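Heads up: the structure comes next, in structure tokens.
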Amino acid sequence: MCVTDVTPIEEIDDLPEQMQIRRDKRVAILSSGEDAYPVTVPVTTTVSAIRQKYAHLVADDHSGDAVGVAGRIMFMRNTGKLCFAQIQAGAGETLQLMLSLDRVGEVALESWKSLVDIGDIVAVEGEVISSKRGELSVTADRWQMASKALRPLPNLHKPLNEETRVRQRYADLIVRDTARNVARLRPAVMSSLRNSFAKRDFIEVETPMLQTMHGGAAARPFVTKSNAFDMELFLRIAPELFLKRCVVGGIERVFEINRNFRNEGADSTHSPEFAMLEFYQAYADYNDMADLTQALIQEAALAVHGSLDFELVEGGRRDLSGEWHRISVFPAVSEAVGQEITPATPIETLRALCDAAEISYDPKAIHGKLVEELLEHYVVENLTRPTFVIDYPVDTSPLVRDHRTVAGVVEKWDLYIDGYEAGTGYSELIDPIIQRERLVAQSQLKDGGDAEAMQLDEDFLRALEYGMPPSGGVGMGVDRLLMTLTGLNIRETILFPLVKPE
RNA sequence: GGGCCCCUAGCUCAGUUGGUUAGAGCAACGGACUUUUAAUCCGUGGGUCGUCGGUUCGAGCCCGACGGGGCCUACCA
């Protein structure tokens, strides 16, 4: 037994009335010799178990079974001699509690009325019954505070504004079904992905998040410092170069799901830290990887929705069924602009086409970049179904091998779903000499001031010199996969997205 | 980074051309009620109007700076 000091240490001035009242109730509970935050409460079952087991009870039915159950009070109705409350527990299941004068007695009923608020977590012991109105209930013989809430819950009938949802996700999870569902959707999707890989003999690895040089993507890194080594370190922007080292080492089918960090802007589709899935398969090319990517996403949709054509959280439907289209960059752009565009098209022509379409572009933009601008403007905007856009310009893709037949393009695809890039896949560049040339060119860009260009990773090149089998690789944002499966923006799919301090 | 908009009670929001004491719903407090489902009825309290400064006889409202947020736009997944 411990002695609890029930004397208020100091009245907090300017505390909102409702919070002060709840603090007073806490003190009242402690003063009566009860505990407002007990170490344990007599719980024998769960709300969802009760709902399953007693679903058959008809109105005014009594089970004869005594249970102990606990949950958070979401709704209360205190009348003279019979009180109702609805508790919420588990994945958001609810159950009615009833406290009648007959069963709990006058003292317990009065203390319930005077000490319990919406938002409190309570435990009751009593019988499972169905009320006269047919509501499955536990009618209490005893009740006990499990955790006194000192803050009132947000209005349950109006949506919490977006900022408060993100800043106080705990409150959001209490009051909003969608928040709870999305929190459970992510692990369900992860587990589907891992099952999909397991049955195809892929091995999951974990590669460094703290890297001495950043590579594998074009992005600004977060920089930090190791005190012990007295050196600059980077939070990784991609695991690519390490996963390729794995493939060199003989882990022929490998994947990683982990966080990437990019020191760039945040909006409805970008977060500074985001979950990335990358996978590599030896003796596969970008066509095989497109097949596999489509299978992974379709299997995840089936796992969480039971269908490839499903309803989105905020209305509308998404259809991921069938074989997804594959369209080639240069032919698609050529068709859209009404003239033949190839890697040999003069850059002035591309600039003129961008100007004509009122596309703003960086005056220093290279040939491939302009082609991609035209692609985004004319083609990607109009994609309604999931589509693999294949065969990109070589000059924007330093880690991809040249196309086996078409000059000036590489074997790369981007998967577009609903207008955003859901993933990217390559036939990997495995020739160490060409890879060195490409990375040297990148490091010269970097020296020229391009903060997103890659550094020259000598150890990665050394690994390639041991010989990497012909391979395909894919990178896919897990948050974006959740967006695909829900239609929500990225901040709704991440439980605790980065926000500035209040 | 550029443009536009927002910040009022615990929560969600009104608030007129600058003018008495800043309102509503839910929530809270007191009372009635043994079948309520956002109960109903009677009564009550709750606000540094994001912060700081300015204009004015007078500012939630007008002006400026700062903080936080949203949307659009540019870049990255």
Side-chain angles (χ1 to χ4, degrees), chain A residues 14-22 24-25 59-60 74-86 94 96-104 109 113-114 117-119 129-135 137 139 149-168 171-172 174-175 216-221 237-238 260-278 359-362 365 369 372-373 376 396 414-417 420-424 450-452 474-481 483 489-491 499-502:
Chain A
D14 300 333
L15 202 59
E17 180 195 36
Q18 297 194 43
M19 288 177 60
Q20 187 56 56
I21 287 166
R22 285 169 181 254
D24 293 344
K25 289 180 179 178
D60 214 10
M74 303 303 288
F75 172 84
M76 286 186 84
R77 184 102 302 133
N78 287 348
T79 65
K81 301 184 181 66
L82 178 64
C83 298
F84 298 89
Q86 189 181 66
T94 59
Q96 178 164 278
L97 305 182
M98 294 168 63
L99 289 90
S100 71
L101 181 62
D102 305 346
R103 291 188 78 127
V104 294
L109 191 66
K113 286 195 220 175
S114 61
D117 291 301
I118 291 175
I129 65 162
S130 178
S131 74
K132 283 183 186 169
R133 294 292 189 87
E135 182 81 30
S137 310
T139 183
L150 298 184
R151 284 177 187 268
L153 243 34
N155 188 338
L156 293 171
H157 313 294
K158 298 275 187 172
L160 213 45
N161 78 48
E162 198 183 333
E163 184 180 359
T164 312
R165 283 185 197 175
V166 169
R167 287 193 188 277
Q168 301 186 37
D172 188 34
I174 292 169
V175 301
R220 287 170 183 261
I237 56 174
N260 285 354
F261 305 86
R262 298 191 183 175
N263 205 343
E264 292 169 344
D267 61 26
S268 63
T269 60
H270 295 86
S271 169
E273 57 176 313
F274 61 101
M276 187 72 164
L277 162 66
E278 284 202 15
I359 300 168
S360 62
Y361 56 89
D362 186 338
K369 188 73 199 164
E372 289 181 21
E373 295 280 2
E376 298 227 346
T396 56
D414 275 352
L415 170 61
Y416 282 93
I417 300 178
Y420 54 84
E421 197 185 324
T424 187
D450 184 346
E452 293 178 3
V474 172
M476 197 164 103
V478 175
D479 316 282
R480 290 201 168 174
L481 176 54
M483 291 164 63
N489 78 36
I490 201 165
R491 280 158 67 95
V499 278
K500 288 196 191 178
E502 286 171 273

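Treat the numbers as computed from the prediction; the structure is a model and nothing was measured. By convention in this document, chain letters (A, B, ...) are assigned in the order of the sequence lines, proteins followed by strands, and residues within each chain are numbered from 1.
At a threshold of 4.0 angstrom between heavy atoms, the contacts of A:K132 include nucleobase atoms, whether or not backbone atoms are also involved. Within the 4.0 angstrom heavy-atom criterion, only backbone atoms of the sugar-phosphate kind lie near A:R167; the bases stay farther away. Residue contacts shown for A:M98 include a base, since a base heavy atom lies under 4.0 Å away. Residue A:R151 is classed as having no contact, given no heavy-atom separation below 4.0 Å to the nucleic acid. Looking at heavy-atom distances under 4.0 Å, A:G477 makes no contact with the nucleic acid at all. Within the 4.0 angstrom heavy-atom criterion, no nucleotide atom of any strand lies near A:S137. Using a 4.0 Å heavy-atom cutoff across all strands shown, A:E373 reaches sugar-phosphate atoms only and no base atom. A:K25 comes within 4.0 angstrom of sugar-phosphate atoms only, judged by non-hydrogen atoms across all strands, and of no base. Residue contacts shown for A:Q86 are absent, as no nucleic acid heavy atom lies under 4.0 Å away.
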Can you name the atoms? Protein N/O to nucleotides 70-72 of chain B N/O, anything below 3.5 Å, with the distance.
from	atom 1	to	atom 2	distance (Å)
B:rG70	OP1	A:R491	NH2	2.8

Review item, nucleotides 10-15 of chain B N/O atoms under 3.5 Å of protein N/O:
from	atom 1	to	atom 2	distance (Å)
B:rG10	N7	A:Q18	NE2	3.4
B:rC11	O2'	A:N155	N	3.2
B:rC11	O2	A:N155	ND2	3.4
B:rU12	OP1	A:N161	N	3.1
B:rU12	OP1	A:N161	ND2	3.0

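Protein atom CZ of A:R103 is 14 Å distant from nucleotide atom C1' of B:rU34, rounded to whole Å. Here the C1' atom of nucleotide B:rG31 and the NZ atom of A:K113 are 11 Å apart, to the nearest Å. Rounded to whole Å, the distance from CG on A:N78 to P on B:rC33 is 13 Å. Distance, A:R22 CZ to B:rA28 P: 7 Å, rounded to whole Å. When rounded to the nearest whole Å, the span between CG of A:L15 and C1' of B:rG45 equals 15 Å. As a whole-Å value, the separation of A:Y420 OH from B:rC76 P is 18 Å. The nearest whole Å value for the distance from the CD atom in A:Q96 to the P atom in B:rA38 is 12 Å. Atom CD of A:Q20 is separated from atom P of B:rG47 by 13 Å (rounded to the nearest Å).
For the atom pair A:R491 CZ and A:M483 CE, the distance stands at 12.5 Å (nearest 0.5 Å). For the atom pair CD (A:E135) and CD (A:Q86), the distance works out to 6.5 Å, reported to the nearest 0.5 Å. Distance check: A:M74 CE to A:Q96 CD gives 14.5 Å after rounding to the nearest 0.5 Å.
For A:D102, counting side-chain heavy atoms from C-beta on, the closest listed nucleotide (B:rG68, B:rU34, B:rU35) is B:rU34. Between B:rG68, B:rC76, B:rC26, one nucleotide has an atom nearer to the side chain of A:H157 than all others, and that is B:rC26. Of all nucleotides listed (B:rC76, B:rC33, B:rU37), B:rC33 comes nearest to the side chain of A:T79. Closest to the side chain of A:I21, from the set B:rC76, B:rA38, B:rA28, is B:rA28.
Between A:P16 and A:R151, every side-chain heavy-atom pair lies at or beyond the 4.5 Å cut-off. A:R220 places none of its side-chain heavy atoms less than 4.5 Å from the side chain of A:F261. Within the 4.5 Å cutoff, side-chain heavy atoms of A:I129 are placed close to those of A:S137. Put simply, the side chain of A:T424 does not reach to within 4.5 Å of the side chain of A:L415, judged on heavy atoms. Side-chain contact between A:M476 and A:M276 is absent, with no heavy-atom pair separated by less than 4.5 Å.
For the C1' atoms, the distance linking B:rG68 with B:rU8 amounts to 16 Å, nearest Å. B:rG18 and B:rG58 have their C1' atoms separated by 8 Å, given to the nearest Å. Distance noted for atom P between B:rC61 and B:rU17: 15 Å (whole Å). Comparing the P positions of B:rC6 and B:rC63 gives an interatomic distance of 11 Å, to the nearest angstrom. B:rU16 and B:rC11 have their C1' atoms separated by 26 Å, with the value rounded to a whole Å. Using atom C1' as the reference point in both B:rC41 and B:rU56, the two lie 48 Å apart (nearest Å). Rounded to whole Å, the C1' atom of B:rG23 lies 26 Å from the corresponding atom of B:rG31. Nucleotides B:rA9 and B:rG60 place their P atoms 14 Å apart, quoted to the nearest Å.
Closest approach of A:L160 to A:P154, counting heavy atoms only: CD1-CB, 3.5 Å.
The 5' end of RNA chain B is approached more closely, in terms of each residue's nearest nucleotide, by A:V499 than by the other of A:V499 and A:I490. Of the two residues contacting RNA chain B, namely A:D479 and A:L101, the nearest-nucleotide position lying further toward the 5' end is that of A:L101.
In this structure, B:rU12 and B:rA24 make a Watson-Crick or G-U wobble pair, each of the two defining distances being under 3.5 angstrom. Across all strands shown, B:rU34 remains unpaired; no Watson-Crick or G-U wobble contact has both distances below 3.5 Å. Pairing partner, B:rG1: B:rU73, with both Watson-Crick or wobble hydrogen-bond distances short of 3.5 Å. Pair assignment for B:rU48 gives none, since no Watson-Crick or G-U wobble pairing has each distance under 3.5 Å. Nucleotide B:rC62 has B:rG54 as its partner under the Watson-Crick or G-U criteria, with both atom distances under 3.5 Å.
A:K113 places a side-chain N or O within donor-acceptor distance of the main-chain N or O of A:G80, the cut-off being under 3.5 Å. The main-chain N or O of A:V499 is never found under 3.5 Å from a side-chain atom of A:R167 such that the two would form a donor-acceptor pair.
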**OP:** Apply the test side chain to side chain donor-acceptor pair (under 3.5 Å) to residues A:Q168 and A:D172: give CA-CA distance (whole Å), side-chain angles for both, the deciding distance (0.1 Å), then the verdict.
**Re:** CA-CA 6 Å; A:Q168 301 186 37; A:D172 188 34; over 6 Å; no
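Other residues, nucleotides and ligands place no more than 12 heavy atoms under 6.0 Å from the NZ atom of A:K158.
Residue ring and nucleobase are stacked for A:H270 and B:rC76, with a centre distance beneath 5.5 angstrom and an angle between planes beneath 30°.
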